[in-house]
Amino acid sequence: MRILVTGGAGFIGSHFIHVALEQLPDVEIVNLDLMTYAANPANVADVADDPRYSFIQGDIGDAEVVAKAMQGVTHVANFAAESHVDRSIHGARDFIMTDVLGTYVLCQAAKAAGVERYLQVSTDEVYGSIDEGAFTETHPLNPSSPYSASKAGGDLQAFAYMHTFGLPVIVTRGSNTYGPNQYPEKLIPLFVTNALDGEKLPVYGDGGQIRDWIHGRDHAAGVLAALLKGTPGEVYNIGGGNERTNMWITEQVLEQTGASRDLITYVEDRLGHDVRYALDTSKAQRELGWKPEISFDQGLADTVKWYQENRAWWEPIKSGEYREFYEQQYASLEK
Ligand code: TYD
């Protein structure tokens, strides 16, 4: 079994590589990653010398590189994506290029190579916002942001390759993911690192929005289970079952880092902000024999500790391009 993992130097992709190498003694992993801003070689440094692992730097939208990376591949897991909603509000071009066009190029190459399985890593955000209850896999797609619309485009493109050409496509839709090695632009790593540095925690709107949180390792294990045991043509929701308001997360971060409540800053709400995400994961639990293992209390505490102990991982990030985005993003939101 030879798995092409795209975006394997990113957050969830690198957790996947670790979980796959642990669970599958005979697996070969090819990591194809463009190494754009949110990728980090440190995320896979500990597996670099594993003879089962190899790395290719390149774009999933580049047909030549992808054809090379696809040689001998039996399974594809496509984690490569632009994934930050706020960046997609500033401009969606990169999102469409990677999440839609890149998916197309990858499917085309996977079809040519005759792979056994193609797994598209997607998101619960393609369903849109839900006031009550939880999304099942049959819910119509109703994405709200340029990011989630791009991901929905990728899902549909992949399934079109199954319908038209017989490519065995499986889609997973994950909920908000947290854990070590996450680039500090998403809520949890941003707030944890800001709290550790005594910087403001910019809460959008009233902080009452709800997300369902899953640990990166649990998400990765769900994707692996779907890749190995899922039925082509099917979607599997991979959620943690941990619904929390953003304010709850903010309070926890302050408590666990010992930072002052004065850091809380209410800023203008995100444009088109989805109020609530919630996933029904019973299908994945029933059909894949998967369930999330890491409790949110434990996972969050461990994550805070990881950022406390790994300043060398994130401090260099919080300069240069990051700063530029940060100033642009948050200066405009200040009330
Ligand atoms: P985020 O981590 O960007 O994930 P997503 O938008 O894909 O769910 O945001 C999670 C929630 O946290 C979302 O409701 C927006 C909110 N949020 C803030 O209040 N302040 C911030 O600075 C960020 C990045 C997010």
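For ligands, and for the atoms within them, numbers begin at 1 and follow the listed sequence. Treat the numbers as computed from the prediction; the structure is a model and nothing was measured.
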Participant: Under 3.5 Å, is there a donor on one side chain and an acceptor on the other for Glu125 and Ser145?
Facilitator: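 Result is no, nothing qualifies.
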Participant: With Ala195, which residues qualify under side-chain contact (heavy atoms from CB on, under 4.5 Å), at least two apart?
Facilitator: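 With sequence neighbours excluded, Ala195 shows a side-chain contact (heavy atoms from CB on, under 4.5 Å) to Leu201, Val253, Thr257, Ala259, given in chain and number order.
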Participant: Has Glu22 got more than 12 heavy atoms of other residues, nucleotides or ligands less than 6.0 Å from its CD?
Facilitator: yes
Participant: Could you give the N/O to N/O pairs under 3.5 Å linking ligand 1 and the protein, each with its distance?
Facilitator:
residue: ligand 1; atom: 2 (O); partner: Leu187; partner atom: N; Å: 2.8
residue: ligand 1; atom: 3 (O); partner: Arg270; partner atom: NH2; Å: 2.9
residue: ligand 1; atom: 4 (O); partner: Asn176; partner atom: ND2; Å: 3.3
residue: ligand 1; atom: 6 (O); partner: Arg270; partner atom: NH1; Å: 2.5
residue: ligand 1; atom: 6 (O); partner: Arg270; partner atom: NH2; Å: 3.3
residue: ligand 1; atom: 7 (O); partner: Glu125; partner atom: OE2; Å: 2.4
residue: ligand 1; atom: 8 (O); partner: Asn176; partner atom: ND2; Å: 2.9
residue: ligand 1; atom: 8 (O); partner: Arg211; partner atom: NE; Å: 2.6
residue: ligand 1; atom: 12 (O); partner: Asn246; partner atom: ND2; Å: 3.3
residue: ligand 1; atom: 14 (O); partner: Arg211; partner atom: NH2; Å: 3.1
residue: ligand 1; atom: 14 (O); partner: Asn246; partner atom: ND2; Å: 2.9
residue: ligand 1; atom: 14 (O); partner: His273; partner atom: NE2; Å: 2.7
residue: ligand 1; atom: 19 (O); partner: Tyr204; partner atom: N; Å: 2.9
residue: ligand 1; atom: 20 (N); partner: Pro202; partner atom: O; Å: 2.7
residue: ligand 1; atom: 22 (O); partner: Pro202; partner atom: O; Å: 3.3
residue: ligand 1; atom: 22 (O); partner: Tyr330; partner atom: OH; Å: 2.6

Participant: Distance under 6.0 Å and angle within 45° of the ring axis: does Arg87 meet both against Phe325?
Facilitator: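 Checked: cation-pi criterion met.
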Participant: Tell me whether the rings of Tyr37 and Tyr183 are parallel (<30°), tilted (30 to 60°) or perpendicular (>60°).
Facilitator: perpendicular
Participant: Describe, in one word, how the ring planes of Phe11 and His15 are oriented to each other, choosing from parallel (under 30°), tilted (30 to 60°) and perpendicular (over 60°).
Facilitator: perpendicular
